[in-house]
2 protein chains.
Amino acid sequence: MSQTVDRALSILPLLAEGPADLGQVADRLGVHKSTALRLLRTLHEHGLVYRQSDQRYRLGARLFALAQEAMENLDVREIAHPHLVRLNESCGHTVHLAVYEENEVLYIDKVESRYPVRMYSRIGKPVAITVAAVAKLLLADLPEHERRAVAEKLDYPAYTSRSTPNAGAFLRELEKVREQGWATDLGGHEESINCVAAPIRGADGRVVAAMSVSAPNVVVTADELLTLLPLVRRTADAISGEYSGRTQVKGTE
Amino acid sequence: MSQTVDRALSILPLLAEGPADLGQVADRLGVHKSTALRLLRTLHEHGLVYRQSDQRYRLGARLFALAQEAMENLDVREIAHPHLVRLNESCGHTVHLAVYEENEVLYIDKVESRYPVRMYSRIGKPVAITVAAVAKLLLADLPEHERRAVAEKLDYPAYTSRSTPNAGAFLRELEKVREQGWATDLGGHEESINCVAAPIRGADGRVVAAMSVSAPNVVVTADELLTLLPLVRRTADAISGEYSGRTQVKGTE
DNA sequence: AGGGCTGTTGCACTGTCTGCAACATTCATT
DNA sequence: AATGAATGTTGCAGACAGTGCAACAGCCCT
């Protein structure tokens with residue numbers, strides 16, 4: 001909508017790939033060097049871009065600070081955190097908290113497993129949306145037309161032989177998840193990792209977040225992990241209760 | 001330099017304070033609502049801004065992703081992390097890693113204390129630059145004129161009675177730190193918290209990062225903490241060695 | 001129904017962004 | 001040391017993209 005801003009913002013993902021010099025930035029934007037220079041300068045003044053000593057540009061420090069502040073404003077996270085820690089203390093496995101936002105599901109909190117074998121994931125990183133248990137819960141709660149629209153648009157990478165193969169299968173899975181009120185991912189992302197997940201609901205009953213417990217086969221089998229389901233659901237419900245009981249109303253988000 | 005981009009970027013810190021609606025954004029930018037709308041739309045398309053169901057705007061998800069990617073490009077961090085964890089395992093206290101960037105020092109990694117009493121700090125958050133041990137090390141390594149320039153510009157908040165009071169005292173402290181090759185903060189930020197820090201150097205000898213161990217008085221006294229200095233320095237040197245031994249040269253940064 | 005509030009669109013104007021070309025600077029090469 | 005290439009930087013005139021206005025649409029509250 002705004003050409004100048006559009007160009008400036010396009011620089012950020014570009015620099016996320018790694019440092020680049022003025023010429024490279026100008027080329028990839030398809031603009032004159034002088035134009036790129038001015039854009040970079042503006043980004044620089046706002047601290048979003050940093051100029052290292054070899055003159056190349058990199059993403060800057062304020063970006064961290066902004067992202068951190070944004071995190072803190074997510075009040076589900078704040079409320080949920082102690083519950084997640086307690087759950088981790090009682091079962092020992094990795095616990096995740098995730099939200100849905102504009103066709104993406106992302107982890108907003110994580111408590112690491114206390115076992116030496118840990119699964120790889122990172123706060124802020126988009127989740128494998130077609131297979132993750134938390135993603136299923138979050139998508140299952142969307143209004144039907146939107147759910148369908150999203151499902152059609154997605155890619156269905158075959159991470160493993162048990163990954164969701166296509167939109168049809170995914171929508172059927174979502175329907176099932178919607179009815180039972182919990183979800184699993186049994187080796188759909190990483191062959192040897194299983195997850196159980198439960199939804200966190202706001203006062204109006206809509207799913208605002210989802211949490212999961214994940215563990216690799218070498219630590220517990222899928223069946224053993226499933227025995228944790230009641231505990232996971234209780235934890236999720238406790239968070240839901242606390243979240244929706246708040247005086248301050250922040251919409252259904 | 002670029003008015004439009006400047007305005008658009010000014011929206012981000014504004015939203016970091018909390019969600020805001022169109023009118024509020026327009027007011028605080030001092031522009032017409034329609035202008036604010038177009039800027040927000042552009043930010044939205046790039047995922048930096050999210051529109052919640054009550055129509056208000058918030059910082060968006062891509063911001064996290066960007067910040068995370070930016071983190072990963074800091075290779076000191078990657079190299080240092082396992083060392084920090086090991087140090088934490090052997091002493092139990094909070095371990096921090098920080099870098100200097102454009103008049104700011106910020107934490108880029110942290111391993112939490114294993115004691116119940118923890119100090120407050122956050123990755124991505126600017127450090128109390130006039131008192132933190134890591135800040136002293138990073139500033140002490142700047143070329144003299146720059147160091148002086150930065151010191152003059154800073155504010156010297158009196159967090160405690162032992163905080164650095166003014167530029168003169170700070171520059172003297174930096175000189176001392178520079179010579180001895182390590183730094184402390186003994187209750188200069190929080191009355192009851194002490195830190196010991198050591199520098200991490202690149203191949204050319206310049207300080208690229210600094211690490212510290214922090215602990216509250218209730219856990220160990222300042223003297224006890226100081227006995228960890230050799231260990232902290234050894235850890236920092238190990239990281240320095242690994243960092244500067246790399247084949248891939250990324251400038252002195 | 002009516003009035004107030006917020007978000008949205010179309011349009012004419014002007015101011016800001018653009019690309020160019022000339023200049024500055026650093027670095028490599030002879 | 002001097003030349004050349006490559007990169008970053010500045011001033012300028014023209015043009016186009018961004019601006020504010022005013023009118024419209026939708027919503028909630030009375």
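Convention: sequence-line order gives letters A, B, ...; per-chain numbering from 1. These figures come from a predicted structure and were not determined experimentally.
Atoms CG (Leu40(B)) and P (dG7(C)) sit 10 Å apart, rounded to a whole Å. Distance Leu37(A) CG to dA24(C) P: 17 Å, rounded to the nearest Å. In this structure, the NZ atom of Lys33(A) is 11 Å from the C1' atom of dA21(C), given to the nearest Å. Separating the CG atom of Leu22(A) from the P atom of dA24(C) is a distance of 19 Å, rounded to the nearest angstrom. Straight-line distance from the CG atom of Asp27(B) to the C1' atom of dC5(C): 14 Å, rounded to whole Å. Nucleotide dT8(C) holds its P atom 11 Å from the NE2 atom of His44(B), rounded to whole Å. Atoms CD (Gln55(A)) and P (dT9(D)) sit 6 Å apart, rounded to a whole Å. Computed from coordinates, the Asp6(B) CG to dT16(C) P distance equals 12 Å when rounded to whole Å.
In terms of phosphate contacts, His32(A) brings no side-chain nitrogen or oxygen within less than 4.0 Å of OP1 or OP2 of dT18(C). Here Arg7(B) reaches the OP1 or OP2 of dT19(D): one of its side-chain N or O atoms lies under 4.0 Å away. Contact annotation: Ser34(B) side-chain N/O to dG20(D) OP1/OP2 distance is not under 4.0 Å. For the pair Thr4(A) and dC17(C), the criterion of a side-chain N or O lying under 4.0 Å from OP1 or OP2 is not met. Between Thr35(A) and dG19(C) there is a side-chain N or O to OP1 or OP2 distance below 4.0 Å. Note on Arg41(B): every side-chain N or O is 4.0 Å or more away from OP1 and OP2 of dG18(D).
Nearer the 5' end of DNA chain D, as judged by each residue's closest nucleotide, is the contact made by Gly23(A), out of Gly23(A) and Val5(A). Closest-nucleotide positions on DNA chain D for Gln3(B) and Gln24(A) were compared, and the one nearer the 5' end corresponds to Gln24(A).
Between Tyr156(A) and Phe170(A), the ring planes lie perpendicular to each other; the angle is over 60°, past the 30° to 60° tilted range.
Candidate nucleotides dG7(C), dG8(D), dG20(D) were compared by shortest atom distance to the side chain of Val31(B), and dG20(D) ranks first. You'll find that the side chain of Arg38(B) is closest to dC11(C), out of dT9(D), dC11(C), dT18(C).
Between the side chains of Asp109(B) and His81(B), at least one donor-acceptor pair of N or O atoms lies under 3.5 Å. No hydrogens or angles considered: nothing links the side chains of Arg58(B) and Tyr50(B) as a donor-acceptor pair under 3.5 Å. Residues Arg28(A) and Gln24(A) have side chains that never bring a donor and an acceptor to within less than 3.5 angstrom of each other.
Under the 3.5 Å distance criterion, the side-chain polar atoms of Lys136(B) are matched with a main-chain donor or acceptor of Thr184(B).
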